[in-house]
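First up is the structure itself, then whatever we jot down about it.
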Amino acid sequence: MKTVEKYTTFEQLKAAEKAASDTKASLKKHASFEMLVNKIYIAKTGKSMASKAATLNGK
């Protein structure tokens, strides 16, 4: 459940907005980095992550 935060100063509000946008940018960078690592792994080994997961699960 989301709660509403009340800020006493404009600077606190701006800092909270900046923190949220920084988090969003960080998550986006992480996702693109993870995709890049997966592409490198696939190119290097010739296996996809799905086939690797199936192998680990014994299928």
- Item | Results of side chain to side chain donor-acceptor pair (under 3.5 Å) for Lys18 - residues two or more places apart only | Asp22
- Note on the structure: Those residues at least two apart in sequence (or on a different chain) that pass side-chain contact (heavy atoms from CB on, under 4.5 Å) with Glu11 are Thr9
- Item | Partner set under side-chain contact (heavy atoms from CB on, under 4.5 Å) for Ser26, not counting sequence neighbours | none
- Message: Suppose clustering is done on Ile, Leu, Val, Met, Phe, Trp and Tyr with side-chain heavy atoms closer than 4.5 Å. Which residues sit in the same group as Met35?
- Response: none
- Item | ILVMFWY clustering at 4.5 Å (side-chain atoms), partners of Leu27 | none
- Message: Can you list everything that forms a salt bridge (Lys or Arg N to Asp or Glu O under 4.0 Å) with Lys24? Sequence neighbours excluded, please.
- Response: none
- Query: side-chain hydrogen bond (donor to acceptor under 3.5 Å, both in side chains) between Thr8 and Gln12: does it pass, once the steps are laid out?
  - Reply: CA-CA 7 Å; Thr8 56; Gln12 288 177 336; 2.9 Å; yes
